[in-house]
Chemist: 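Next up is a structure, given as structure tokens.
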There are 2 protein chains.
Amino acid sequence: MADYPPFAVTADLVVLTVRADELHVLLVRRGVPPYEGRWALPGGFVGIDEDLVDAAVRELTEETGLPQPAGHLEQLGTYGRPSRDPRGRVVTVAWLALLPDLPTPVAGSDAAAADWVPVNRLDRARLAFDHGRILADGLERARAKLEYTALATAFCPPEFTVAQLRAVYETVWDTALDPRNFHRKVTGTPGFVEPAGRSTEGGRGRPARLFRRGPATLLHPPMLRPSART
Amino acid sequence: MADYPPFAVTADLVVLTVRADELHVLLVRRGVPPYEGRWALPGGFVGIDEDLVDAAVRELTEETGLPQPAGHLEQLGTYGRPSRDPRGRVVTVAWLALLPDLPTPVAGSDAAAADWVPVNRLDRARLAFDHGRILADGLERARAKLEYTALATAFCPPEFTVAQLRAVYETVWDTALDPRNFHRKVTGTPGFVEPAGRSTEGGRGRPARLFRRGPATLLHPPMLRPSART
DNA sequence: CTAATAGTGTCTATGAGACAGTATGTG
DNA sequence: CACATACTGTCTCATAGACACTATTAG
């Protein structure tokens with residue numbers, strides 16, 4: 001055990017949010033080689049006595065500047081091609097975070113040039129390291145999980161309308177959904193959302209009831225995306 | 001970059017197969033401390049110039065003694081609690097493998113005491129390291145993926161009957177399925193299975209047609225397990 | 001009033017589950 | 001023949017999708 005091959009281990013984050021009807025990912029501009037000046041996923045080295053998930057949470061709070069994010073965090077996968085980092089053998093554990101649109105702009109202590117970038121207007125091939133592949137995997141994971149889990153509420157503030165939740169689905173899936181069938185489906189699935197009792201004010205049209213996320217994590221039956229028809 | 005915290009990285013495998021109507025996992029008996037004499041998942045250190053998936057394939061072929069396994073291999077997750085290995089900081093990338101029942105007994109070069117163990121008659125808490133948790137995650141992943149993918153065929157030999165495929169579902173899910181509805185569902189899902197043209201001989205009852213796995217990887221609509229009803 | 005958005009009701013097609021009935025082998 | 005297993009047909013219920021209709025606000 002004394003002589004095992006020594007690896008560096010990092011935690012990288014695919015942080016997604018929905019703002020202005022576009023899906024955004026949190027990226028940082030690299031200030032040092034390699035890939036100087038290129039966009040990269042936020043992340044950093046795991047401490048020798050630090051748990052993997054703790055490193056991910058630490059990076060997330062550092063980069064977003066939020067004390068305790070209200071969203072969702074899960075492990076995405078581990079990437080360790082020997083040539084993926086020119087500096088040496090670095091294995092990265094990638095994490096997927098889904099956050100509500102943050103009222104505060106991103107101003108992390110660590111990342112000077114962090115910013116939200118719309119995923120549809122981003123050339124993934126130009127990201128540093130293998131981060132284009134990691135981002136693609138994160139997007140596919142997020143899109144798939146909206147189908148059979150209640151995770152779409154992780155993109156919403158504590159209280160939200162059915163239309164806001166529908167906008168999340170439409171933005172992440174890049175499709176249009178029937179507002180009436182969506183409403184029936186969401187309110188008819190036990191535990192998906194719970195009425196908050198209040199309503200919106202001051203908008204155009206009839207005021208909408210506000211909801212909170214419910215206790216359900218899995219959706220039975222799932223929410224089907226139109227592209228997945230039979 | 002010169003001074004990063006040094007980690008050891010291992011690849012551990014949850015190898016599942018169906019034999020004699022029971023779900024089995026491949027385990028090895030540890031011959032050295034720590035956890036000497038306890039069951040553990042097969043695995044080993046990743047080489048400093050070795051890709052992660054190559055290490056998993058290498059361990060799989062070493063432990064099963066098969067040149068090229070016909071089943072399925074996917075990354076399960078990465079486990080890296082600082083205290084998970086008393087010898088030092090070891091992060092393990094766990095993989096899930098689904099194999100057809102092997103005609104050859106397990107006789108790996110590396111693992112003297114490798115054996116197939118029925119998962120339902122195994123005390124997961126007595127496995128070495130955090131392998132009980134890894135095995136639990138692997139079982140849950142396998143059970144979930146049978147619902148919405150065609151992966152059940154990975155447990156089958158190249159040619160199989162509908163009854164054999166049904167036995168896979170019943171064994172992995174530990175439930176009974178209606179043979180008639182199952183038959184209609186499987187043969188009616190495009191690309192799930194394809195007729196091989198031949199039939200079984202010598203069994204009790206009417207001979208069954210043989211099938212091969214089809215090109216489909218995802219099932220639309222999914223195969224629903226009875227426990228997931230609404 | 002109109003425009004806009006929220007929410008409900010209803011019809012139809014599809015698929016799951018229950019299960020009768022038919023086909024084709026062994027002993 | 002009886003029996004076992006493979007396979008098909010049919011009925012019923014639940015749900016997705018399409019979409020008419022009603023409700024409630026702003027201007």
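Chain letters run A, B, ... following the sequence lines, proteins first, then strands; residues in each count from 1.
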Chemist: OP1 or OP2 of C/dA16 less than 4.0 angstrom from a side-chain nitrogen or oxygen of B/Lys185, does that happen here?
Modeler: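 Result: yes.
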Chemist: Tell me whether the OP1 or OP2 atom of C/dG7 has a side-chain N or O from A/Arg209 closer than 4.0 Å.
Modeler: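 Yes.
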Chemist: Using a strict cut-off of less than 4.0 Å between a Lys/Arg side-chain nitrogen and an Asp/Glu carboxylate oxygen, indicate whether B/Asp137 and B/Arg141 qualify as a salt bridge.
Modeler: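 No.
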Chemist: For B/Asp21, does the CG atom sit with more than 12 other heavy atoms under 6.0 Å from it, leaving out its own atoms?
Modeler: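 Not more than 12 within 6.0 Å, no.
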Chemist: In whole angstrom, what separates A/Arg198's CZ from D/dT25's C1'?
Modeler: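 My rounded result for the distance is 17 Å.
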Chemist: If you find the nucleotide of DNA chain C closest to B/Glu201 and the one closest to B/Pro222, which residue's nucleotide is nearer the 5' end?
Modeler: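 This one resolves to B/Pro222.
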Chemist: Among the nucleotides D/dA18, D/dA6, C/dA18, which one has an atom lying closest to any side-chain atom of A/Arg184?
Modeler: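 Closest nucleotide among those given: D/dA18.
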Chemist: Round to the nearest Å and state the distance from A/Arg166 atom CZ to C/dA6 atom P.
Modeler: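 Atom-to-atom, A/Arg166 to C/dA6, this comes out as 7 Å.
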Chemist: Is any N or O donor-acceptor pair between the side chain of B/Arg206 and the base of D/dA6 shorter than 3.5 Å?
Modeler: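 Side chain to base: pair present.
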Chemist: In whole angstroms, how far is the C1' atom of D/dA23 from the CZ atom of A/Arg204?
Modeler: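 It works out to 18 Å between those atoms.
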Chemist: Decide whether a cation-pi geometry holds between B/Arg30 and B/Trp39; the criteria are a distance under 6.0 Å from NZ or CZ to the six-membered ring centre and an angle within 45° of the ring axis.
Modeler: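 Verdict for B/Trp39: no cation-pi partner in B/Arg30.
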Chemist: Expressed as a whole number of angstroms, how long is the span from B/Phe160:CZ to D/dA6:P?
Modeler: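 After rounding, the gap between these two atoms is 14 Å.
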Chemist: Can you check whether B/Arg180 has a side-chain N or O nearer than 4.0 Å to OP1 or OP2 of D/dC7?
Modeler: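 No, no such contact exists.
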Chemist: Between A/Asp178 and A/Gly202, name the one whose nearest nucleotide on DNA chain D is closer to the 5' end.
Modeler: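 Result: A/Asp178.
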Chemist: Can you tell me the distance, in whole Å, between the NE2 atom of A/His220 and the C1' atom of D/dT15?
Modeler: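 Value for this atom pair: 15 Å.
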Chemist: Classify A/Gly203 by what it touches in the nucleic acid, base, sugar-phosphate, or nothing, heavy-atom distance under 4.0 Å.
Modeler: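 The answer is sugar-phosphate, as A/Gly203 gets under 4.0 Å only of primed atoms, P, OP1 or OP2.
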Chemist: In whole Å, what is the span from the CZ atom of B/Phe182 to the C1' atom of C/dG15?
Modeler: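 Taking CZ of B/Phe182 and C1' of C/dG15, I get 16 Å after rounding.
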Chemist: Could you state the atom-to-atom distance from CG of A/Leu177 to C1' of C/dA6 in whole Å?
Modeler: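 Rounding to the nearest Å, CG of A/Leu177 and C1' of C/dA6 are 16 Å apart.
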Chemist: Under 6.0 Å from the CZ atom of A/Arg143, do we count more than 12 heavy atoms belonging to anything else shown?
Modeler: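 Counting other residues, nucleotides and ligands, CZ of A/Arg143 exceeds 12 neighbours.
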Chemist: Does a nitrogen or oxygen in the side chain of A/His183 sit under 4.0 Å from OP1 or OP2 of C/dA6?
Modeler: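 False: A/His183 side-chain N/O out of range (4.0 Å or more) of C/dA6 OP1/OP2.
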Chemist: Return the 5'-most residue of the pair A/Asn181, A/Gly205 with respect to DNA chain C, ranking by each residue's nearest nucleotide.
Modeler: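 Its nearest nucleotide being more 5', the pick is A/Gly205.
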Chemist: In whole angstrom, what separates B/Leu224's CG from C/dT14's P?
Modeler: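 Result: 18 Å.
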Chemist: Run through B/Trp173, B/Tyr169, B/Phe192 and flag the one making a ring-ring contact (aromatic ring centres under 6.0 Å, His included) with B/Phe182.
Modeler: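 Result for ring-ring contact (aromatic ring centres under 6.0 Å, His included) with B/Phe182: B/Tyr169.
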